[in-house]
Amino acid sequence: MTDGLDAVFNPRRIALVGASDRAGTMGRLLWDNLRDFPGEVVPISRSASIDGTRAYADLTEVPGDIDLAVIGAPADRVLGAIRAAAEKRVRAAVVLTAGFAEIGADGARLQEEVVAAARAGGVRLVGPNCFGVQNCDLPLNASIAPGAPAGDERGGISLVTQSGSYGMAVHALGLDEAMRFAKVYAAGNKAEISDAETLAYLRDDPATRVVCLLLESITDPREFFAQARRTTAVKPVIAAVTGRSAAGKRAALSHTAAMASDTAIRDAALEQAGVVRASSGLAMLDAAKLLAAQPIPAGGRVGIVTNSGGLGVELTDLLDVEGLEVPELSPALQADLRRLLPSYGSPRNPVDMTPIWSRYAELYPALVDVLARSGEVDIVIPILLARGGSPEVVEGLAATVAAMRADGNDVPVYGCWVAERSRQPQADALQEAGVPCLPWPERTAAAAGAAHRCASALGRDPSIPAARETPVLPPDTDLTDPVQAREYLASAGIDTAPVAVCTDADGAVAAARRLGYPAVLKVVHPALSHKSDVGGVRVGLSDPAAVRQAADYLLALRSGARVLVQRQASGVEFVVGGLRDPGFGPVVMVGLGGTTVEVLGDVQFAVAPVDAGHAEAMLRSLRGAALLDGVRGAEPVNAAALADLMVAVGDLLVGVPEIAEIDLNPVLATAAGVRPVDWRIVHRDDSTPGEQKADQNCPDEGK
Ligand code: ADP
Ligand code: MG
């Protein structure tokens, strides 16, 4: 499936459609940018030649094979160019031209025609409306940015960006910050090649060591999830997702659906797939810079070397927020450090040499070296303040890090740069030497945190658990009927509280006697789905008279109402639910439940199927996770049973396409086990499409 992308990144012969020698035109810019490409670039132009190179009026006239068509011609000529490419059996096209889906309905129609022509002819298509692509190894610069990022230097960062301006900005940053890129891919309107394919290609691309994704939407989300899971197991994937929409909530047929905004599911899926989120494009590139320039950290223990107590403390606090630890060092290591430090320095962590600038050039490298070789930290961060950013310090640090690597020491070293601007040349020199620097503790900590999270995903088992077999839904099942729904759930291994549904008060009294006191009575009526909202749940009924009175009341709520009788149970109230997301497919949810789910908002989502391990991890991620362990003398909850229930709900969604949503709310959880006392299954046919996803912030999702 990545064959088309191979033609995009590694073409042997290119046709430039819309080539021009007129200054200031797109055709000229692309022609100039393709100059360094080692293979032949054939201009397709109305002119007879470009800069003395013979041009052809149409792609079909070019003799010999063309692997890649780079198209910068005006929008009205793109369709013709794609048809010609198809006829010529060109493997891929990069369409930089704008004026497609991004401008409205007319553009969208044209885009559809272009995609149809490409698909019909087997031409894989990048864009349209994109900044272009680069492969720094060839080099290939089929983009509108002059030169490769960081000039001739190539490296391990590959960037996929939806936004062209971000591509330009990254170029600038690459040049300024000695960042080394492997490939840049601007996806533009993403009309044909999916994000999943791009990711799969970069996973298998040996030149790519770190993948950066700047996403506004995700195409083919479920496949993307699967590919991302496989990719993050072998190389870091960092994503900045922009353009979050505030809305995106579904109409609330179930509590699960009410909680499931597009953003919530997407965020959960990315996390589950091991994709590390960055708060912005810049934060993403900061993390990539650390990961690409230094070895991947083996753990989360950080050693800090500073000449300022204040900055050391701030960095420690910020690292803590990122889940990194600045551990107190062992007495033996402290003794070693103390021998190097001035008497008033501190060998605890942060290791503080104090402003003894006469000794900076000696102390910074020596302290970094001792920490890195101690085995007590996984990352070393020297804070380079004032004269800490001198040429001598920088040279010493570069030499120390080089010596560590020569000795096989893989502890990454990240510079936290807080020296004045006039010292910038030293920061540049340190980065050129391969030790990345980030300004100030805040950016340094965020990037180190992201690097650590990427490292945690590496080596994980990328396989998606298998869902167990689920019983087919008998076609005549009425899922709105609590007894029929209960029986179906039981057949799928989900045990719910016993019930009796009665049509009169005598029946309710008899049922309560059978099921046991105290009793709970609930109204049953297809129009009264959320029963407590209409006063349709009566709890704490301790004798037949109370049951009779409650039954009379509930039966009178609506004509045709029946009454459900249960025994009152106790336990911590959780919600376990599932739904079918248009993009990510079956999803499970768990949260603190009952009638206050939406108010508490303490829920976790995951793409189904999930295994018990992931289900337990979701439970542990709840803000209220302490309730699992029992608070205020309560016994701990049987978390394993709750996790099994989540697994079963996920499997049911995966296995039974007729089910749109499931709500088990509440599930009463105790030490003994878990029991749903209320359940709601929404049949696909009952969830009208308009209600499924009120606001799509990702127009590409769910096709
Ligand atoms: P709905 O969600 O339609 O309003 P529920 O059946 O979930 O109705 O009941 C609402 C609340 O009543 C539950 O969240 C729970 O607190 C309580 N409740 C319902 N059934 C029982 C039961 N069998 N034992 C204890 N509490 C119950
Ligand atoms: Mg309920």
Side-chain angles (χ1 to χ4, degrees), residues 251-260 479-486 489-490 494-502 508-509 511-543 546-547 550-551 553-555 557-558 561-579 589-603 624 627 634-635 637-638 642 645-646 649 661-682 686:
L253 282 177
S254 63
H255 292 279
T256 306
M259 298 305 298
L479 289 173
T480 62
D481 179 81
V483 174
Q484 291 189 42
R486 181 173 191 273
L489 287 171
I494 297 173
D495 284 325
T496 53
V499 292
V501 176
C502 315
V509 170
R513 186 177 345 103
R514 203 159 19 92
L515 292 166
Y517 281 96
V520 177
L521 262 62
K522 308 178 187 182
V523 66
V524 178
H525 190 280
L528 303 177
S529 172
H530 292 280
K531 300 174 288 293
S532 33
D533 289 355
V534 294
V537 177
R538 292 303 183 91
V539 298
L541 308 171
S542 50
D543 55 42
V547 168
Y553 173 83
L554 294 172
L555 291 166
L557 276 178
R558 235 356 123 86
R562 292 177 296 159
V563 64
L564 178 147
V565 184
Q566 265 177 354
R567 182 178 189 157
Q568 184 161 326
S570 60
V572 185
E573 296 197 359
F574 287 90
V575 53
V576 175
L579 58 78
M589 183 189 87
V590 69
L592 288 184
T595 48
T596 52
V597 183
E598 288 91 343
V599 179
L600 295 175
D602 190 7
V603 294
L627 288 170
E635 276 188 286
V637 160
N638 188 336
L642 197 50
L645 187 62
M646 293 159 65
V649 167
E661 294 165 26
I662 298 177
D663 244 2
L664 308 177
N665 185 30
V667 174
L668 295 178
T670 62
V674 295
R675 243 314 143 77
V677 298
D678 182 32
W679 47 93
R680 181 179 292 117
I681 307 178
V682 180
D686 301 332

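In each ligand, atom 1 is the first atom listed, and ligand 1 is the first ligand listed.
With respect to Asn665, the side-chain contact (heavy atoms from CB on, under 4.5 Å) criterion is satisfied by exactly one of Thr595, Val575, Val576, Val677: Val575. Looking at Lys531, Lys522, His530 one by one, the single match for side chain to side chain donor-acceptor pair (under 3.5 Å) with Asp678 turns out to be Lys531. Results of the side-chain contact (heavy atoms from CB on, under 4.5 Å) test with Leu521 over Leu564, Val539, Val537, Val547 single out Val547 as the only residue that passes.
Judged as a side chain to side chain donor-acceptor pair (under 3.5 Å), and not counting sequence neighbours, the contacts of Arg486 are Thr496. Residues meeting the salt bridge (Lys or Arg N to Asp or Glu O under 4.0 Å) test with Arg562, sequence neighbours left out: Asp481.
At least one donor-acceptor pair closer than 3.5 Å links the side chain of Gln568 to the backbone N or O of Gly540. No donor-acceptor pair closer than 3.5 Å links the side chain of Ser532 to the backbone N or O of Gly535.
Around the Mg ion (ligand 2), the protein contributes the following N, O or S atoms under 2.8 Å, ordered by chain and number: Asn665 O, Asp678 OD2.
For ligand 1, the 4.0 Å heavy-atom shell contains residues Val520, Lys522, Ser529, His530, Lys531, Ser532, Val537, Gln566, Arg567, Gln568, Ala569, Glu573, Gly594, Thr595, Asn665, Pro666, Leu668, Val677, Asp678, Arg680.
Heavy-atom minimum distance, Leu515 versus Ala500: CD1-N, 4.0 Å. Heavy-atom minimum distance, Ala485 versus Trp679: CB-CD1, 3.9 Å.
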